[in-house]
**Student:** 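Questions regarding the structure given below will be posed in turn.
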There are 4 protein chains.
Amino acid sequence: MSGSDVTGIAGDQLRTIIERIETIDEEIKALNEAKKEIFLEAKGNGFDVKILREVLRIRKQDQKERDERETLLDLYLTAITNAATPGAKKKAA
Amino acid sequence: MSGSDVTGIAGDQLRTIIERIETIDEEIKALNEAKKEIFLEAKGNGFDVKILREVLRIRKQDQKERDERETLLDLYLTAITNAATPGAKKKAA
Amino acid sequence: MSGSDVTGIAGDQLRTIIERIETIDEEIKALNEAKKEIFLEAKGNGFDVKILREVLRIRKQDQKERDERETLLDLYLTAITNAATPGAKKKAA
Amino acid sequence: MSGSDVTGIAGDQLRTIIERIETIDEEIKALNEAKKEIFLEAKGNGFDVKILREVLRIRKQDQKERDERETLLDLYLTAITNAATPGAKKKAA
DNA sequence: GCTTGGGGCGTTCGAC
DNA sequence: GTCGAACGCCCCAAGC
């Protein structure tokens with residue numbers, strides 16, 4: 001281990017990790033502030049923020065559901081395929 | 001109001017708001033995934049993720065306290081300045 | 001305060017609360033074991049447990065989504081009503 | 001396979017499984033709501049809910065440890081019994 | 001201040 | 001048996 005390190009902990013590596021995370025957190029914070037601004041602006045234009053949030057939430061869930069249905073479909077297809085070729089060994093897959 | 005809008009809701013404006021927010025949300029999501037990657041990588045290098053989170057939390061708290069001290073200092077400085085010039089009115093601020 | 005209580009804490013009441021919660025927790029645990037049994041039985045009958053879980057999950061989410069759409073509808077109706085009668089005061093509601 | 005089933009999946013059986021699970025889930029949900037009620041009521045009576053949860057957690061842990069000691073004790077007893085009758089074969093257990 | 005939404009954590013289940 | 005992934009629970013913070 002290098003330098004004045006007496007702890008057995010890779011200080012440089014640790015420091016890099018912490019800083020990278022903190023940089024990302026700052027970027028996220030900035031984006032959240034931008035969102036806040038948009039909501040404020042929308043409110044100023046007469047929109048109901050509560051409803052805007054609800055709309056966003058539901059649209060997000062719709063997307064999620066669509067994704068999940070797709071994975072379910074995949075599961076079914078896999079199940080059917082396996083059922084159709086019961087003799088097939090795992091390694092053959 | 002423009003176009004086929006019969007609801008009293010400014011559809012175009014609404015759509016723009018929703019899209020701007022959703023774009024920001026996607027960016028946030030990407031950043032969170034990047035964070036996840038970093039934690040995973042750190043874990044792979046033998047770091048304890050839980051401890052890393054603890055470190056980040058403490059550093060954030062420290063930063064917060066430093067900010068608060070600064071705000072308080074500003075407050076004091078402002079109070080002193082105002083006391084020194086009692087003729088100055090609040091509205092002028 | 002009654003009896004040998006010297007702590008200022010209502011021991012009897014506390015004891016009752018704890019016991020009621022623990023009874024409920026036991027019932028929940030029993031139900032979870034029953035679920036496990038059913039899955040095992042299903043597996044024994046040739047069903048793919050993974051898919052069963054996925055189906056259950058999606059059905060649950062469908063229900064959730066339906067509920068949420070209803071609340072969204074309520075929100076819209078409220079918003080429209082408020083917009084239509086802007087002079088109405090809160091207390092009148 | 002019965003009825004209009006052309007998929008190779010035992011539809012009736014599947015339906016029964018799903019419904020049994022969903023019934024159990026509803027019961028669990030109801031019990032969790034009952035718990036919530038109790039916590040709310042306790043809060044209304046001046047109890048600190050967070051502390052109550054802590055108490056419950058500790059008691060559960062204690063119970064767990066007691067169970068483990070008992071299991072360990074059984075293990076010892078079994079070992080002693082087997083040692084005392086070395087002719088007895090494992091399969092006979 | 002109360003309530004609702006988001007994030008973190010521990011647990012459980014399935015895959016390898 | 002170990003691994004990672006998914007789920008529910010709990011706490012905290014922001015919004016009303």
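To find a chain, count down the sequence lines: A is the first, B the second, and so on, and within it residues start at 1.
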**Student:** Among the nucleotides dC11(F), dG14(E), dG8(E), which one has an atom lying closest to any side-chain atom of Lys50(C)?
**Tutor:**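 Nearest to the side chain of Lys50(C) among the choices is dG14(E).
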
**Student:** Taking for each residue the nucleotide of DNA chain E with the nearest heavy atom, is it Leu40(D) or Lys36(C) whose nucleotide lies nearer the 5' end?
**Tutor:** Leu40(D)

**Student:** Please give me the minimum heavy-atom distance between Asp25(D) and Lys35(C), naming the atom from each residue.
**Tutor:** OD1-NZ, 2.9 Å

**Student:** Could you check how far CD of Glu41(B) sits from C1' of dG4(F), rounded to whole Å?
**Tutor:**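 After rounding, the gap between these two atoms is 18 Å.
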
**Student:** Hey, are Arg20(B) and Glu41(A) close enough for a salt bridge, meaning a charged N less than 4.0 Å from a carboxylate O?
**Tutor:** yes

**Student:** Using atom CG of Leu56(A) as one end and atom C1' of dG15(F) as the other, report the distance to the nearest whole Å.
**Tutor:**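 The distance from CG of Leu56(A) to C1' of dG15(F) comes to 16 Å, rounded to the nearest Å.
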
**Student:** Over how many whole Å does the gap from Lys35(B) atom NZ to dG7(E) atom P extend?
**Tutor:** 9 Å

**Student:** With a 4.0 Å cut-off on heavy atoms, is Val49(A) in touch with a base, just the backbone sugar-phosphate, or nothing at all?
**Tutor:** nothing

**Student:** Using the side-chain heavy atoms of Arg53(A), tell me which of these nucleotides is nearest: dC9(F), dG15(F), dC13(E).
**Tutor:**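 So the nucleotide nearest the side chain must be dG15(F).
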
**Student:** Identify, between Asn32(B) and Lys43(D), the residue whose nearest nucleotide on DNA chain E lies closer to the 5' end.
**Tutor:** Lys43(D)

**Student:** So, using side-chain hydrogen bond (donor to acceptor under 3.5 Å, both in side chains) as the criterion, who are the partners of Gln63(B) when residues are at least two apart?
**Tutor:**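 Listed in chain order: Arg66(B), Asp67(B).
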
**Student:** Measure NZ/Lys29(C) against C1'/dT12(E) and give the value in whole Å, please.
**Tutor:** 14 Å

**Student:** Are side-chain heavy atoms of Thr71(C) and Tyr76(C) found at a separation under 4.5 Å?
**Tutor:**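 No, side chains not in contact.
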
**Student:** Rounded to whole Å, how long is the line connecting atom CD of Glu54(D) with atom C1' of dC9(F)?
**Tutor:** 15 Å

**Student:** The helix from dG1(E)-dC16(F) to dC16(E)-dG1(F): angle between its terminal axes, five pairs each, to 10°?
**Tutor:** 0°

**Student:** Among dC13(E), dC11(F), dG8(F), find the nucleotide with the atom closest to the side chain of Lys60(C).
**Tutor:** dG8(F)

**Student:** Tell me, do Leu52(D) and Leu14(C) make a side-chain contact under 4.5 Å, heavy atoms counted?
**Tutor:** yes

**Student:** Compare the minimum distances between each of dG5(E), dC11(F), dG14(E) and the side chain of Arg57(A), then state the nucleotide with the smallest one.
**Tutor:**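 For Arg57(A), the side-chain atoms sit closest to dG5(E).
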
**Student:** So with a 6.0 Å cut-off around CD of Glu70(C), is the heavy-atom count from everything else above 12?
**Tutor:**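 No - once you tally the heavy atoms of other residues, nucleotides and ligands closer than 6.0 Å, there are 12 at most.
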
**Student:** Please report, rounded to the nearest Å, how far the C1' atom of dA15(E) is from the CD1 atom of Ile51(C).
**Tutor:**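 Between C1' of dA15(E) and CD1 of Ile51(C): 15 Å.
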
**Student:** Without decimals, in angstroms, what is the distance between Gln61(D) CD and dT11(E) C1'?
**Tutor:** 13 Å

**Student:** May I have the step-by-step check of salt bridge (Lys or Arg N to Asp or Glu O under 4.0 Å) for Glu22(C) and Lys60(D), ending in yes or no?
**Tutor:** CA-CA 9 Å; Glu22(C) 286 180 342; Lys60(D) 197 189 286 181; over 6 Å; no

**Student:** What is the distance, to the nearest angstrom, from the CD atom on Glu33(D) to the C1' atom on dC9(F)?
**Tutor:**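 Nearest whole value for this atom pair: 15 Å.
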
